[in-house]
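Ligands are counted one by one from 1 in listed order, and the atoms in each one are counted from 1 as well.
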Amino acid sequence: MKLNHLISIKDIGKKEVLKILEESEKMENLLHSKKAVKIMDGKILATLFYEPSTRTRLSFETAMKRLGGAVIGFTDIKNTSVMKGETLGDTIRVISDYADIIAIRHPYEGSARLASEYATVPIINAGDGSNQHPTQTLLDLYTIKREVGKIDGINIAFIGDLKYGRTVHSLCHALSLFNNIKITFISPEELRIPKEIISDLEKNNTEFCEKGHIDLKGIDVVYMTRIQKERFPDLNEYQRVRGTYKLTLKHVENKNLIIMHPLPRVDEIDPRVDNLPQAKYFKQSFYGVPVRMAILKILLEN
Ligand code: CP
């Protein structure tokens with residue numbers, strides 16, 4: 001499989017997605033075997049995080065180290081020459097000479113694509129503004145495959161911030177590559193799924209509907225999201241919609257479904273839900289490790 005960078009889930013097709021999921025399963029088995037692995041011996045991953053992260057950055061680091069490689073990077077631009085006015089292009093040119101692969105998270109849409117134009121090593125988009133988060137999408141698909149047993153034919157409900165939620169945007173596109181998917185979007189009016197995502201679904205003949213209240217009849221996968229305060233241009237707008245939805249025991253108890261959330265969460269899931277067998281969000285964040293191991297391996301073996 002030839003893949004130079006991973007910038008958008010739209011850059012890869014179903015065949016490539018299935019290949020990454022297959023490789024992720026091998027990596028998960030490798031992790032469970034506890035064997036020392038040296039696949040990335042001598043290789044360096046640079047993690048350039050211009051925005052906060054817990055899961056994405058640390059699971060990338062874990063993935064590289066579990067494969068026997070090393071990691072450099074920054075988590076706060078205050079300690080970098082970005083503060084002296086260095087451009088993204090120059091930073092990427094320099095780091096390309098230090099590392100074999102770069103994972104970047106940046107607040108601006110298109111920043112990872114721009115980085116790939118300056119890089120001489122593979123670039124992985126670890127989230128660019130409200131745009132894309134392709135490695136999250138792949139781990140979400142992996143979670144669905146592992147926990148539901150299939151991706152084709154699922155009935156999924158996305159709940160919460162569907163306007164700014166990049167994980168939702170990326171996952172919608174990826175799901176549209178599969179067969180007989182049904183999507184229910186549940187959001188406040190102000191945070192409805194963007195028109196371009198709807199057009200993409202229509203183009204791929206993916207069935208969807210929009211609702212304003214939580215209704216989980218016939219749903220296989222509930223995908224909760226956080227209302228992202230940091231993305232609102234006007235904080236008054238955030239105050240109006242915060243706390244609109246809270247998933248509680250009454251919504252999901254005794255239902256044959258799984259609950260996912262890219263995390264972090266704030267108050268949108270009642271903590272008592274965590275103890276239900278349907279709650280898969282912590283397992284989902286664990287799956288980030290084998291999936292990112294697979295992505296590193298595939299990008300570096302080109
Ligand atoms: N899901 C996710 O991207 O989490 P972090 O922001 O902690 O990386």
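- Judged by a 6.0 Å distance limit and a 45° cone about the ring axis, Arg93 is not positioned over the six-membered ring of Tyr118.
- Taking the six-membered ring where the residue is Trp, His261 and Tyr281 present perpendicular rings, their angle passing 60° and hence far from 30°.
- The side-chain hydrogen bond (donor to acceptor under 3.5 Å, both in side chains) check on Ser81 picks up Lys84, with sequence neighbours excluded.
- Screening residues 39-55 for side chain to side chain donor-acceptor pair (under 3.5 Å), with sequence neighbours left out, gives Glu51-Arg231.
- One side chain, His173 or Asp200, offers a donor N or O that lies under 3.5 Å from an acceptor on the other.
- Under the side-chain hydrogen bond (donor to acceptor under 3.5 Å, both in side chains) criterion, Glu61 pairs with Arg57, not counting sequence neighbours.
- Around ligand 1 you find Ser53, Thr54, Arg55, Thr56, Arg105, His133, Gln136, Pro262, Leu263, each with a heavy-atom distance below 4.0 Å.
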